[in-house]
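In listed order, ligands and their atoms are each counted from 1.
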Amino acid sequence: MKKFESIHDVDVLSTWLAQAKEIKQDPYKWDTLGKNKTLLMIFFNSSLRTRLSTQKAALNLGMHVMVLDVNQGAWKLETEVGVVMDGDKPEHLLEAIPVMGAYCDIIAVRSFASLSSKTEDYSEKILHQFIQYAGKPVISMEAATLHPLQSFADMITVEQYKKTARPKVVLTWAPHPKALPQAVANSFAQWSVAMDYDVVITHPVGYELSEEFTAGARVTNNQEEAFKDADFIYAKNWSAFNDSHYGEVLSTDRSWCVDAPKMALTNAAYFMHCLPVRRNMIVSDEVIDSLKSLVIEEAANRVVSAQTVLLNMLK
Ligand code: SN0
């Protein structure tokens with residue numbers, strides 16, 4: 001397995017879910033598989049869960065781990081090809097990537113959307129350069145358009161808690177003070193459709209996501225209607241995807257916050273969010289602190305998700 005950037009890199013999803021279950025039951029079952037293998041984790045953006053859970057996953061497999069925060073201590077990296085490097089960036093990705101590749105056996109990268117150029121973001125410019133030049137298998141730890149480690153953990157969580165074979169899973173937009181990428185939402189849609197859940201996406205007008213990822217889901221601008229009979233509510237903010245407003249905040253409508261009256265419309269749904277979450281913007285204290293909130297278990301499953309990916313790469 002040479003890369004993990006989307007669900008398309010998973011050969012048989014049901015096999016991966018079975019492996020995840022095995023890993024959850026016995027995290028140290030393959031604790032020598034990674035002996036003398038090194039995972040290098042490269043961060044262009046902040047991280048708490050991804051950093052710790054991916055490290056823990058590698059350690060559980062007996063791997064060594066090295067972490068580099070590009071913005072703290074590394075040379076500033078040029079990413080444009082063909083430019084005269086007379087500015088403030090001393091090193092080009094074209095050298096930096098193969099050099100990093102030379103120091104490890106698997107390379108994991110986090111590089112968020114810039115939200116300034118849709119073409120650049122949706123071509124996955126940075127991640128694809130890693131895949132092309134690293135000479136080693138590459139794992140996305142959230143790239144511009146997708147966050148597959150998160151979505152796989154989300155699917156593991158839904159499988160763990162679902163009470164019916166085909167649960168109704170609702171992805172709802174919720175307000176946020178800043179412009180955020182569409183990656184978590186795109187990825188959640190892609191994976192939950194692939195799982196054949198009854199997927200409904202709800203958002204205010206203008207927040208339509210790329211159909212490349214949402215095909216197979218129903219979309220409505222009526223949040224209360226979407227919540228009816230839902231088994232899982234997955235909240236997330238994202239900025240606009242459409243061409244004329246790409247990366248913009250179009251609404252901060254607080255009435256989209258997931259609160260107890262809205263949860264009361266559901267089929268006693270569980271609440272999910274990838275974290276970090278803005279309390280009382282995205283979700284009320286009452287809902288996130290309730291027994292129906294799965295956010296901590298979901299974060300715990302990030303180890304299981306990363307370990308399953310690493311297992312398949314090491315094999
Ligand atoms: C990131 C995102 O893609 O939405 C990472 C989520 C796993 N989230 C943020 O950047 C949140 C930042 C904030 O200010 O709340």
Residue, atom and distance of the protein heavy atom nearest atom 13 (C) of ligand 1 read Arg278 NH2, 3.3 Å

Do Phe4 and Trp16 have ring centres separated by under 6.0 Å? yes

Nitrogen or oxygen atoms of His176 and ligand 1 under 3.5 Å apart: yes

Between the side chain of Lys136 and the main-chain N/O of Cys104, is any donor-acceptor distance below 3.5 Å? yes

Under 30°, 30 to 60°, or over 60°: which ring-plane class applies to Tyr246 and Tyr122, parallel, tilted or perpendicular? perpendicular

Is Pro181 close enough to touch ligand 1? Criterion: a residue heavy atom under 4.0 Å from a ligand atom. yes

Identify the protein heavy atom lying closest to atom 11 (C) of ligand 1, giving its residue, its atom name and the separation to 0.1 Å. Leu180 CD2, 3.8 Å

List the closest protein heavy-atom neighbour of atom 4 (O) of ligand 1: residue, atom name, distance to the nearest 0.1 Å. Lys236 NZ, 2.7 Å

Using heavy atoms and a 4.0 Å limit, tell me yes or no: is Glu142 in contact with ligand 1? yes

N/O to N/O below 3.5 Å, does that happen between Lys178 and ligand 1? yes

Strictly under 4.0 Å, does any heavy atom of Leu275 approach an atom of ligand 1? yes

For Asn237 and ligand 1, does the shortest N/O to N/O distance drop below 3.5 Å? no

Kindly say whether Arg49 contributes a backbone atom to a donor-acceptor pair with the side chain of Ser53 at under 3.5 angstrom? yes

Spacing of Thr202 atom OG1 and Tyr207 atom OH [to the nearest 0.5 Å]: 13.0 Å

Less than 6.0 angstrom from the centroid, inside 45 degrees of the normal: does Arg110 satisfy that with respect to the ring of Phe44? no

Side-chain touch Tyr28/Leu61, heavy atoms, less than 4.5 angstrom: no

